[in-house]
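Worksheet: one structure, shown below.
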Amino acid sequence: MIIQLSASFANNIPDPTTKAASKIAIAGLCDAAVQISAICAQGPLADGLGDNTGAENADGDTQKALDVQADEWIIHALKQAPVAYYASEEETGILTLDPSAPISIAADPLDGSSNIDTNVSIGTIFSIFATADGAPENSFFRPGREQLVGGFFVYGPQTTLILTAGNGVELYVLEPVTKKFVLAIANITLPSSRSEYAINAANTRHWEPPVHRFIGDCLAGKTGPLGEDYNMRWVGSLVADAARILSRGGLFLYPADARKGYALGRLRQLYEASPVAFIIEQAGGGATNGTKRILDLDLSELHQRVPFVFGCTHQVGLVTQYHTKN
Ligand code: AFP
């Protein structure tokens, strides 16, 4: 078995059929992740997988060869699992696999792919829902709080899987020799506060006033209203920034900005923000769109973007205050 999930994993999933299906799907995603990890490790030896295909995905992002390859490997894996519908950043519409199956999956097959050629950690993000009655969209057009499982793989110095089914957050590491995912941390928890933020500061002139004020006060450090110095990190790969925040705390912001197409930020609600928000909340953190809980937001378009703020509850709360009180 490619992964031995913990005995307590998915205890929150009441229906035994859905619980069993989720575990089978996770094992399938692990199979695909081993393939993606191996090709990432080859870097430039993997003949141009970081090259642009010349195509764009449904949201206008340039598709890298590895984006498409990762999506194909995931589809192949999920066809062997009890999955009804598959929604993907790399697919315009919803793919129907086995409409009678109890679960449906949304994924960003390769998040951070603009970093492939720079040897920076990238990853696969996924969300598992119970298949809803009626049209395929019904399984995905719903608040993220209805997720059964949220998870993401990181292809970096280690290949890891960070996972929740609603009763805490687990970290598994791909053992390089046996190629099995082994449980390494049974319960990841975030500190309530850490003065370290992640944002792409190149967009400063495009931010809305509350974000300007908040980041300005972080930069003011001890001499400013926040009364402490802040450090900054920005990887440009959501899974890498999320993994760092889960390991030591901090705050991530990809806010709305004034650029064309960025009125709702850059990150997609269904297969990026929602699964990461589920994990962050289960680790004791917070996740909002700047003011509202991500997991309570409705979804009406597959590739819908959402402003995304997550991390330690103190800092996430400050961002909400700057949006609502100042
Ligand atoms: P790519 O998949 O196109 O590299 O985008 C990665 C991402 O969706 C997310 O992983 C990063 O946090 C964010 O975009 C970086 O966006 P900027 O390039 O605008 O900083």
Side-chain angles (χ1 to χ4, degrees), residues 59 61 111-112 114-115 118 120-122 125 144 189-269 272-274 276-281 283-297 304-326:
D59 203 35
D61 289 350
D111 174 71
S114 63
N115 298 295
T118 63
V120 163
S121 299
I122 56 182
I125 311 170
T189 54
L190 282 182
S192 59
S193 178
R194 181 177 173 113
S195 56
E196 183 170 75
Y197 68 90
I199 196 167
N200 184 340
N203 300 324
T204 298
R205 67 186 185 284
H206 303 301
W207 295 335
E208 295 172 344
V211 176
H212 255 292
R213 286 197 303 272
F214 174 71
I215 297 299
D217 288 346
C218 290
L219 291 170
K222 281 198 177 71
T223 63
L226 299 182
E228 57 179 332
D229 291 339
Y230 271 73
N231 189 30
M232 194 203 128
R233 287 283 183 276
W234 183 252
V235 183
S237 173
L238 172 61
V239 293
D241 283 312
R244 182 192 61 257
I245 288 168
L246 283 160
S247 75
R248 69 189 196 201
L251 176 73
F252 174 100
L253 306 94
Y254 208 117
D257 71 48
R259 288 175 294 166
K260 183 173 180 297
Y262 282 75
L264 290 175
R266 175 187 174 90
L267 298 172
R268 286 74 169 188
Q269 182 175 328
E272 291 174 330
S274 275
V276 172
F278 188 17
I279 290 166
I280 293 292
E281 283 199 1
T288 71
N289 64 358
T291 54
K292 295 189 182 73
R293 185 181 180 231
I294 290 285
L295 295 184
D296 286 339
L297 299 177
Q304 184 173 314
R305 295 187 182 202
V306 67
F308 195 19
V309 177
F310 69 85
C312 295
T313 50
H314 175 64
Q315 277 74 24
V316 171
L318 283 174
V319 174
T320 302
Q321 281 175 37
Y322 275 70
H323 279 83
T324 54
K325 291 205 172 71
N326 296 23

Inter-residue atom distance [X].[atom1] - [Y].[atom2], 0.5 Å rounding:
X      : Y      : atom1 : atom2 : value
Thr223 : Leu226 : OG1   : CG    : 10.0 Å
Leu267 : Gln304 : CG    : CD    : 13.0 Å
Tyr254 : Leu264 : OH    : CG    : 12.5 Å
Ser274 : Ile279 : OG    : CD1   : 11.0 Å
Leu251 : Leu253 : CG    : CG    : 4.0 Å

Partner set under side chain to side chain contact (heavy atoms under 4.5 Å, CB included) for [X], not counting sequence neighbours:
X      : result
Glu208 : Pro210, Ala256
Ala277 : Ala287, Ile294, Leu295, Phe308
Thr118 : Asn115, Val120
Pro225 : Asp217, Tyr322

Next on the checklist: Using the side-chain hydrogen bond (donor to acceptor under 3.5 Å, both in side chains) criterion, which residues pair with Ser247? Sequence neighbours excluded.
Outcome noted: none
Checklist entry - Passes side-chain contact (heavy atoms from CB on, under 4.5 Å), Thr291 versus Asn289? Steps please. => result CA-CA 6 Å; Thr291 54; Asn289 64 358; 3.2 Å; yes
Checklist entry - Who are the ring-ring contact (aromatic ring centres under 6.0 Å, His included) partners of His206, not counting sequence neighbours? => result none
Item to check | Trace of the side-chain contact (heavy atoms from CB on, under 4.5 Å) decision for Ser195 with Asn231 | outcome: CA-CA 6 Å; Ser195 56; Asn231 189 30; over 6 Å; no
Side-chain donor-acceptor distances from residues 197-204 under 3.5 Å, at least two apart:
| residue | atom | partner | partner atom | Å |
| --- | --- | --- | --- | --- |
| Asn200 | OD1 | Ala202 | N | 3.0 |
| Thr204 | OG1 | Ala201 | O | 2.6 |

Is the side chain of [X] donor-acceptor paired with the backbone N or O of [Y] at a distance under 3.5 Å, no angle test?
X      : Y      : answer
Thr313 : Gly286 : no
Arg305 : Gly265 : yes
Ser237 : Ser121 : yes
Gln315 : Arg194 : yes

Item to check | Selection residues 245-257 - residue pairs positive for salt bridge (charged side-chain N to carboxylate O under 4.0 Å, His left out), sequence neighbours left out | outcome: Glu196-Arg248, Asp257-Arg259
For [X], check salt bridge (Lys or Arg N to Asp or Glu O under 4.0 Å) against everything at least two apart and list the hits.
X      : answer
Asp296 : Arg145, Arg293
Lys260 : none
Asp241 : Arg244

Checklist entry - Yes or no on side-chain contact (heavy atoms from CB on, under 4.5 Å) for Leu238 and Phe310, after CA distance, side-chain angles and deciding distance? => result CA-CA 11 Å; Leu238 172 61; Phe310 69 85; 3.7 Å; yes
Using every non-hydrogen atom in the two residues, find where [X] and [Y] come nearest and quote the distance to one decimal.
X      : Y      : result
His323 : Gly290 : ND1-O, 3.7 Å
Ile245 : Gly311 : CG2-CA, 4.0 Å
Val306 : Ala273 : CG1-CB, 3.6 Å
Gly249 : Cys312 : CA-SG, 3.7 Å

Checklist entry - Step by step, would you call Phe252 with Trp234 a ring-ring contact (aromatic ring centres under 6.0 Å, His included)? => result CA-CA 9 Å; Phe252 174 100; Trp234 183 252; 5.2 Å; yes
Checklist entry - For Glu272 and Asp111, what are the C-alpha separation, side-chain angles and deciding distance, and is it a side-chain contact (heavy atoms from CB on, under 4.5 Å)? => result CA-CA 8 Å; Glu272 291 174 330; Asp111 174 71; 3.3 Å; yes
